Amino acid sequence: ESKYHYMESIYKEEINQFILSEYDLTIIPSSVWQKLSNIYFGTFRGMSVGISPEELIDMWRRKIDFLNRVANQNVTKGKVMNLDQRINYDLSILINKYDDYKKWKESQKILESDTQYISNNSSLDTSIINEVSRKVADKNEDSEMSDLVDDIFN
């Protein structure tokens with residue numbers, strides 16, 4: 001339990017540092033703090049489940065280039081936002097993409113387990129091949145030795 005809270009606080013701090021550096025801020029606006037809290041607890045409007053700080057920072061890092069393109073498109077269209085609005089807008093996008101993120105994450109687990117299965121089986125195959133090769137080599141050595149003995153005593 002305490003390890004969970006410790007890790008959660010580390011991820012929250014990563015989010016804070018990410019926001020400060022990525023959005024070039026010196027302090028995080030209170031509206032962003034409130035929205036983050038609501039996101040963690042799943043109490044933000046339209047949410048049925050919370051997003052853990054670990055998943056949020058992972059999503060945010062993976063999507064920041066996409067979020068920057070969306071922001072640039074908004075500026076091009078004349079929809080200019082201050083940083084507070086921009087962060088809240090980005091968080092709304094992340095909330096809306098959470099189901100896709102969970103599906104992607106699940107597919108990564110499946111791929112990982114398939115890769116692990118293939119890796120485990122290929123190492124098994126390799127060990128079988130090595131064992132057979134060793135036995136063939138041993139037989140060849142035995143056969144060479146018996147040929148040598150035959151030559152000596154015949």
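On a predicted model such as this, the values are computed, not experimentally measured, just so you know.
Between D58 and Y101, some side-chain heavy-atom pair lies under the 4.5 Å cut-off. Counting only heavy atoms from C-beta outward, the side chains of L36 and I19 approach each other to under 4.5 Å. Residues L56 and Y40 are in side-chain contact: their nearest non-hydrogen atoms beyond the backbone lie under 4.5 Å apart. For the pair L94/I51, no side-chain contact is recorded, criterion being any heavy-atom separation below 4.5 Å from C-beta on.
To the nearest 0.5 Å, atoms NZ (K105) and CG (D100) are separated by 14.5 Å.
No side-chain donor from either of N72 and N68 sits under 3.5 Å from a side-chain acceptor of the other.
For the pair K63 and F66, the cation-pi criterion (under 6.0 Å, within 45° of the ring axis) is fulfilled.
Contact detail for P53 and I15: the closest heavy-atom pair is O-CD1, 3.5 Å. Nearest heavy atom pair, residue Y23 against residue L67, reads OH-CD1, 4.4 Å.
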* Apply the test side chain to side chain contact (heavy atoms under 4.5 Å, CB included) to residues L91 and F44: give CA-CA distance (whole Å), side-chain angles for both, the deciding distance (0.1 Å), then the verdict. => CA-CA 11 Å; L91 283 168; F44 188 72; over 6 Å; no
* Does the pair R62 and W104 meet the rule for a side chain to side chain contact (heavy atoms under 4.5 Å, CB included), with working shown? -> CA-CA 12 Å; R62 291 176 189 282; W104 172 82; 3.3 Å; yes
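By the 4.0 Å N-to-carboxylate-O rule, D99 lies too far from K103 to be salt-bridged with it. Of the charged side-chain nitrogens involved, at least one lies within less than 4.0 Å of a carboxylate oxygen, so that D90 and R86 count as a salt-bridged pair.
Within the 3.5 Å criterion, the main-chain N or O of E14 finds no donor-acceptor partner in the side chain of Q17.
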